S.K.: 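Okay, here's the structure, questions in a sec.
Just so you know, residue 1 is the first one in the sequence shown, and it goes up from there. Keep in mind that what you see is a predicted model, and the values were worked out from it rather than measured.
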Amino acid sequence: MSDRRPIGVFDSGLGGLTVLREVVSQLPGEQCLYVADEREAPYGTKTVEALRARTEQVANFLLAHDAKAIVVACNTASLTALAHLRSIFTVPFIGIVPAVKLAATLTHTGKVGVLVTSATAHSESLAQLINSYAHGTQMIMHECPELVTLVEQGMLIGPLVEDSVRLEVGPLLTQGADILVLGCTHLPFLTEVIGRVCGPHVQLIDPAAAVARQLRRVLEEHDLLNSGKKQPPAYFTTGDVEEFRLRLGQLMGEPNANIQAIDV
Ligand code: DGL
């Protein structure tokens, strides 16, 4: 049996698109609804309470559109609100968290740079994750809201971007990090520049593909998979539609996407 209901995916803005592209590529038969909550961005400076309340509103919107499962395509929201969302809704929620466990197994220097938002850096869940799985590895947390802003402005390459990345990442390299965890879903859009700045001996980790695999497992487990034909995602933004269309063309190569403004 195929379940044709859509999968909801959301983030504060464009970052979650790095997760959406993995979901679309691994589960092409699924219809995805993507919410870019741009009016409320950035999530990284909000309190835990505000993030729980806001993500609940976005989840309600997706559920009203019949979502059978929801991907919280944002590290900040997953770390602070995922347990809350799971406790109040019955559909499966899949989150994304910084890949500190994998990083701890890969590092040779014992030092890992973790690029995150402020709310992520201070989240209890991340501290617990590190405590449980990365004991003995030095996790050097670094907040990088400027890099999130660059992505939101569509600035992914060029000397200005390179300078900003060097400023953020340089100190982590100087401290001996040989792994960089991209702990914010906006950052994979900067992989080309981050990789160039870090050089070939530093490994970047983005867990988006693993999230899409986990989504498939959860859908299979709950008998929710749809093996229908390939469908383009539908997009919703709480921000400006034309601005979002421009970015979508740039980031996803989808200039004619179906986008609606929403006031959630
Ligand atoms: N993309 C989000 C994350 O993964 C955060 C960006 C923001 O601060 O809104 O944490």
Side-chain angles (χ1 to χ4, degrees), residues 6-20 23 32-98 115-129 143-149 151-153 182-189 207-208 211 215 233-241 243-244 247-248 251 259-264:
I7 293 168
V9 182
F10 75 92
D11 180 36
S12 61
L14 305 170
L17 296 173
T18 61
V19 179
L20 179 72
V23 171
C32 290
L33 309 179
Y34 184 86
V35 174
D37 192 13
E38 298 183 295
R39 191 192 65 221
E40 296 293 326
Y43 277 2
T45 53
K46 288 189 188 301
T47 62
V48 172
E49 292 70 30
L51 284 163
R52 286 183 184 157
R54 185 57 193 155
T55 53
E56 199 179 315
Q57 286 170 331
V58 176
N60 267 319
F61 170 83
L62 289 166
L63 292 171
H65 283 71
D66 214 17
K68 61 183 173 184
I70 294 181
V71 179
V72 182
C74 171
N75 292 264
T76 307
S78 298
L79 285 162
T80 54
L82 196 59
H84 170 73
L85 295 170
R86 284 179 174 151
S87 75
I88 56 175
F89 296 115
T90 51
V91 300
F93 277 81
I94 294 88
I96 184 164
V97 296
L115 296 171
V116 290
T117 67
S118 176
T120 292
H122 296 100
S123 94
E124 248 172 63
S125 308
L126 183 57
Q128 276 167 16
L129 213 59
E143 298 173 22
C144 56
E146 292 79 7
L147 299 186
V148 172
T149 306
V151 172
E152 286 293 326
Q153 292 170 343
L182 305 181
C184 170
T185 52
H186 283 73
L187 299 176
F189 282 129
V211 170
L215 171 64
Y235 297 93
F236 302 88
T237 175
T238 57
D240 184 86
V241 171
E243 181 89 4
F244 187 70
R247 299 287 167 253
L248 214 50
L251 300 171
I259 310 171
Q260 282 176 52
I262 52 168
D263 187 15
V264 178

S.K.: Please test Val148 against Cys184 for side-chain contact (heavy atoms from CB on, under 4.5 Å), starting from the C-alpha separation and ending with a verdict.
M.R.: CA-CA 8 Å; Val148 172; Cys184 170; 3.7 Å; yes
S.K.: Does the side chain of Glu243 reach to within under 4.5 Å of the side chain of Glu38, using non-hydrogen atoms?
M.R.: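 No - every pair of side-chain heavy atoms lies 4.5 Å or more apart.
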S.K.: Is any side-chain heavy atom of Leu187 closer than 4.5 Å to a side-chain heavy atom of Cys144?
M.R.: yes
S.K.: Could you measure the distance from the OG1 atom of Thr238 to the CD atom of Gln57? Nearest 0.5 Å is fine.
M.R.: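 One gets 10.5 Å once the value is rounded to the nearest 0.5 Å.
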S.K.: Hey, what do you get for CZ (Arg52) to CD1 (Ile88), rounding to the nearest 0.5 Å?
M.R.: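 Arg52 CZ to Ile88 CD1: 10.5 Å, rounded to 0.5 Å.
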S.K.: Taking the side chain as every heavy atom from C-beta outward, state whether Leu17 and Leu248 have any atom pair closer than 4.5 Å.
M.R.: yes
S.K.: Kindly say whether the aromatic ring centers of Phe61 and Phe10 come within a distance under 6.0 Å.
M.R.: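 No, the ring of Phe61 stays outside the 6.0 Å limit from the ring of Phe10, centre to centre.
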S.K.: Determine whether a donor-acceptor pair (N or O, by modelled atom type, separation under 3.5 Å) exists between the side chain of Thr185 and the backbone of Thr18.
M.R.: no
S.K.: Measure across Pro98 and Leu129 and return the closest heavy-atom pair with its distance rounded to 0.1 Å.
M.R.: O-CD2, 4.0 Å
S.K.: With a 4.5 Å heavy-atom cut-off, do Phe244 and Leu14 have their side chains touching?
M.R.: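 Yes; the side chains approach each other to less than 4.5 Å.
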S.K.: Evaluate the side-chain proximity of His186 to Ser12: yes if any heavy-atom separation is below 4.5 Å, no if none is.
M.R.: yes
S.K.: Could I get the full list of side-chain hydrogen bond (donor to acceptor under 3.5 Å, both in side chains) partners for Glu56, not counting sequence neighbours?
M.R.: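 Partners of Glu56 under the side-chain hydrogen bond (donor to acceptor under 3.5 Å, both in side chains) test: His84.
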S.K.: Quick check for you: to the nearest 0.5 Å, what is the distance between Ile262 atom CD1 and Thr237 atom OG1?
M.R.: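 With rounding to 0.5 Å, CD1 (Ile262) is 7.0 Å from OG1 (Thr237).
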S.K.: Which pair of non-hydrogen atoms, one from Ala121 and one from Glu143, has the smallest distance, and what is that distance?
M.R.: CB-OE2, 3.7 Å
S.K.: Would you give the length of the straight line joining atom OG1 of Thr90 to atom CG of Leu63, rounded to the nearest 0.5 angstrom?
M.R.: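 The distance works out to 7.5 Å.
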S.K.: Can you find a pair of side-chain heavy atoms, one from Leu126 and one from Val97, that are under 4.5 Å apart?
M.R.: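 Counting from C-beta outward, Leu126 and Val97 never come under 4.5 Å.
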S.K.: Which atom names give the shortest non-hydrogen contact between Val91 and Ala67, and what distance separates them?
M.R.: CG1-O, 3.8 Å
S.K.: What's the shortest heavy-atom distance between Gly95 and Ser78, and which atoms?
M.R.: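 Closest pair (atom of Gly95, atom of Ser78, distance): CA-OG, 3.5 Å.
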S.K.: Quick check for you: to the nearest 0.5 Å, what is the distance between Lys46 atom NZ and Thr55 atom OG1?
M.R.: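 If we round to the nearest 0.5 Å, Lys46:NZ and Thr55:OG1 are 10.5 Å apart.
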S.K.: Could you walk me through whether Ile7 and Val71 pass side-chain contact (heavy atoms from CB on, under 4.5 Å), step by step?
M.R.: CA-CA 8 Å; Ile7 293 168; Val71 179; 4.1 Å; yes
S.K.: Can you see which heavy atom on Pro6 is nearest to which on Asp66, and at what distance?
M.R.: CD-O, 3.5 Å
S.K.: Determine the sole option in Val9, Leu62, Ile70 for which the side chain to side chain contact (heavy atoms under 4.5 Å, CB included) test with Val35 is passed.
M.R.: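 The side chain to side chain contact (heavy atoms under 4.5 Å, CB included) with Val35 is passed solely by Leu62 among Val9, Leu62, Ile70.
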S.K.: Once rounded to the nearest 0.5 Å, what's the spacing between atom CG of Leu79 and atom NE2 of His122?
M.R.: 13.0 Å
S.K.: Is there side-chain contact between Arg39 and Val264, with at least one heavy-atom pair below 4.5 Å?
M.R.: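 No, every pair of side-chain atoms sits at 4.5 Å or beyond.
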S.K.: Among all residues two or more places apart in sequence or in another chain, which pass the side chain to side chain contact (heavy atoms under 4.5 Å, CB included) test with Ala127?
M.R.: none
S.K.: Tell me, please, which residues at least two apart from Thr76 pass side chain to side chain contact (heavy atoms under 4.5 Å, CB included).
M.R.: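 Tyr43, Leu51, Cys74, Thr117, Ala119, Thr120.
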S.K.: Do Leu20 and Asp11 have side-chain heavy atoms sitting under 4.5 Å apart?
M.R.: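 When only atoms from C-beta onward are counted, Asp11 and Leu20 do not touch, as no gap falls below 4.5 Å.
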S.K.: Looking at every heavy atom in both Tyr34 and Gly13, which two are closest together, and how far apart are they?
M.R.: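 Smallest heavy-atom distance, with atoms named: OH-O, 2.6 Å.
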